[in-house]
Number of protein chains: 2
Amino acid sequence: MKIGELAKQSGLSAHTLRFYEKQGLISPSTRSESNYRIYNQNDLSTAKFIKRSRDMGFSLEEVEVFLSIRADKPAHICADAKDIAQQKIVDVGQKIKEMQQVLVALHKLSDACCGGSESAEFCSIIEALDDRPLTDHTSHQDKQVGTKEDVA
Amino acid sequence: MKIGELAKQSGLSAHTLRFYEKQGLISPSTRSESNYRIYNQNDLSTAKFIKRSRDMGFSLEEVEVFLSIRADKPAHICADAKDIAQQKIVDVGQKIKEMQQVLVALHKLSDACCGGSESAEFCSIIEALDDRPLTDHTSHQDKQVGTKEDVA
DNA sequence: CTTGACCTTAGACTATACTCTAAGGTCTAG
DNA sequence: CTAGACCTTAGAGTATAGTCTAAGGTCAAG
Ligand SMILES: [Zn+2]
Ligand SMILES: [Zn+2]
Ligand SMILES: [Zn+2]
Ligand SMILES: [Zn+2]
């Protein structure tokens with residue numbers, strides 16, 4: 001099959017397949033007389049393998065290692081594959097933790113702000129980002145300044 | 001103060017400060033005779049504001065909006081700031097969910113593999129990424145092939 | 001024989017946020 | 001005066017993973 005067909009069947013774009021070829025991940029088993037890339041079922045398996053690996057969060061570099069294991073299984077041991085998976089688990093877990101902390105901070109930041117159409121003069125978000133301690137102004141009642149009517 | 005001093009006090013590098021200047025986020029209040037950037041306490045506040053915003057996960061583009069709110073608070077309303085924070089919360093929450101799903105998939109992938117020094121011939125990680133259903137081989141006992149001695 | 005779909009290549013561009021380099025000018029302490 | 005620290009600029013490089021373009025060749029159908 002030609003690249004367009006492989007793209008359709010693998011879920012990768014033709015562009016991406018050529019890009020992967022440049023990166024050394026996959027290459028067509030043959031070329032047609034007119035130099036078109038011709039892929040076979042084996043190539044399709046490989047393309048799907050790459051796609052599945054990417055979907056699992058592995059980088060192209062890691063996929064490369066998986067491919068080399070897959071290409072010659074007896075030459076590798078389970079630890080080769082599992083080490084990568086374990087490391088990815090650690091990395092993803094770490095990132096999740098970081099993002100959860102960010103999320104908590106964001107909630108604190110956001111919850112203190114009324115979010116209404118009042119002037120941002122006392123907006124706790126801006127104040128908190130500025131330097132000052134987080135002051136709750138979910139209501140602006142207590143800090144009327146008179147420069148603006150209460151719009152809300 | 002010169003850029004090096006601002007860098008020290010703000011926690012941003014001089015390089016980054018110049019980069020932010022190019023992006024229109026912060027600029028020195030004056031220049032010395034020799035064209036050095038000269039910053040004042042106000043600039044320091046701004047630099048710290050940017051750093052805090054970045055640490056909260058906001059993009060430079062979002063920081064720019066916060067800065068414009070901060071620069072003229074009466075011209076803005078709380079919703080302007082809160083909308084950004086809320087959107088960020090949604091985005092971060094979404095990413096966390098995605099990563100958690102990836103994490104679950106990774107665990108499934110990894111847990112089925114023995115991770116030992118056995119040949120990867122039956123490695124469930126490779127098999128699962130390949131196409132085949134996830135086969136547990138935490139023990140290789142049941143699939144002796146005889147091509148290799150049991151190394152473990 | 002032409003139209004349109006599909007293919008080829010090298011290389012530029014996207015996004016995000018820096019990070020660093022080269023080549024040179026300025027300033028301060030000893 | 002000189003070494004070394006610090007500053008200036010424009011522009012290139014880093015990382016990741018594509019995504020797209022230009023300019024052209026190939027192929028099947030009508
Ligand atoms: Zn408010
Ligand atoms: Zn507010
Ligand atoms: Zn195993
Ligand atoms: Zn295994």
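Sequence lines set the chain letters: A, B, ... in the order given, protein chains first and strands last, and positions in each chain run from 1. What you are looking at is a predicted structure, and each value in this text was computed from that prediction instead of being measured.
Of the charged side-chain nitrogens involved, none lies within less than 4.0 Å of a carboxylate oxygen, so that Lys95(B) and Asp91(B) do not count as a salt-bridged pair. Ion pair Asp130(B)/Lys48(A) not flagged as a salt bridge, since none of the NZ, NE, NH1 or NH2 atoms sits closer than 4.0 Å to an Asp/Glu carboxylate oxygen. A salt bridge does not link Glu64(A) with Arg54(A): none of the charged nitrogens is closer than 4.0 Å to a carboxylate oxygen.
The side chain of Asn35(B) lies closest to dT8(D) when the candidates are dG11(C), dC18(C), dT8(D). Side-chain proximity of Arg31(B) to the nucleotides dT8(C), dA17(D), dT9(D) is greatest for dT9(D).
In the helix from dC1(C)-dG30(D) to dG30(C)-dC1(D), the rotation axis of the first five pairs and that of the last five pairs differ in direction by 20°, rounded to 10 degrees.
Following chains of ILVMFWY side-chain contacts shorter than 4.5 Å, one cannot reach Tyr36(A) starting from Leu6(A), and the two form parts of different hydrophobic clusters.
When only modelled atom types and interatomic distance are considered, Arg70(B) and Thr46(B) share a side-chain donor-acceptor pair under 3.5 Å.
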Please write out each protein N/O paired with an N/O of nucleotides 25-27 of chain C under 3.5 Å, distance rounded to 0.1 Å.
from    : atom 1 : to       : atom 2 : distance (Å)
dG25(C) : N2     : Tyr36(B) : OH     : 2.6
dT26(C) : O4'    : Tyr36(B) : OH     : 3.0
dT26(C) : O3'    : Ser34(B) : OG     : 3.3
dC27(C) : OP1    : Ser34(B) : OG     : 2.8

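Shown here is Glu61(B), whose CD atom has no more than 12 heavy atoms of other residues, nucleotides or ligands within 6.0 Å.
Looking at heavy-atom distances under 4.0 Å, Arg54(A) makes contact with sugar-phosphate atoms alone, never a base. Residue contacts for Arg37(B): at a heavy-atom cut-off of 4.0 Å it reaches the sugar-phosphate backbone alone, with no base atom in range.
For Ile3(A) and dT8(C), the CD1 to P distance is 5 Å, given to the nearest whole Å. Look at CD on Gln23(B): it is 13 Å from P on dT19(C), rounded to the nearest Å.
Within residues 4-15 of chain B, the residues approaching DNA chain C are His15(B), by heavy-atom distance under 4.0 Å.
Tyr20(A) has no side-chain polar atom (N or O) that falls below the 4.0 Å cut-off from OP1 or OP2 of dA17(D).
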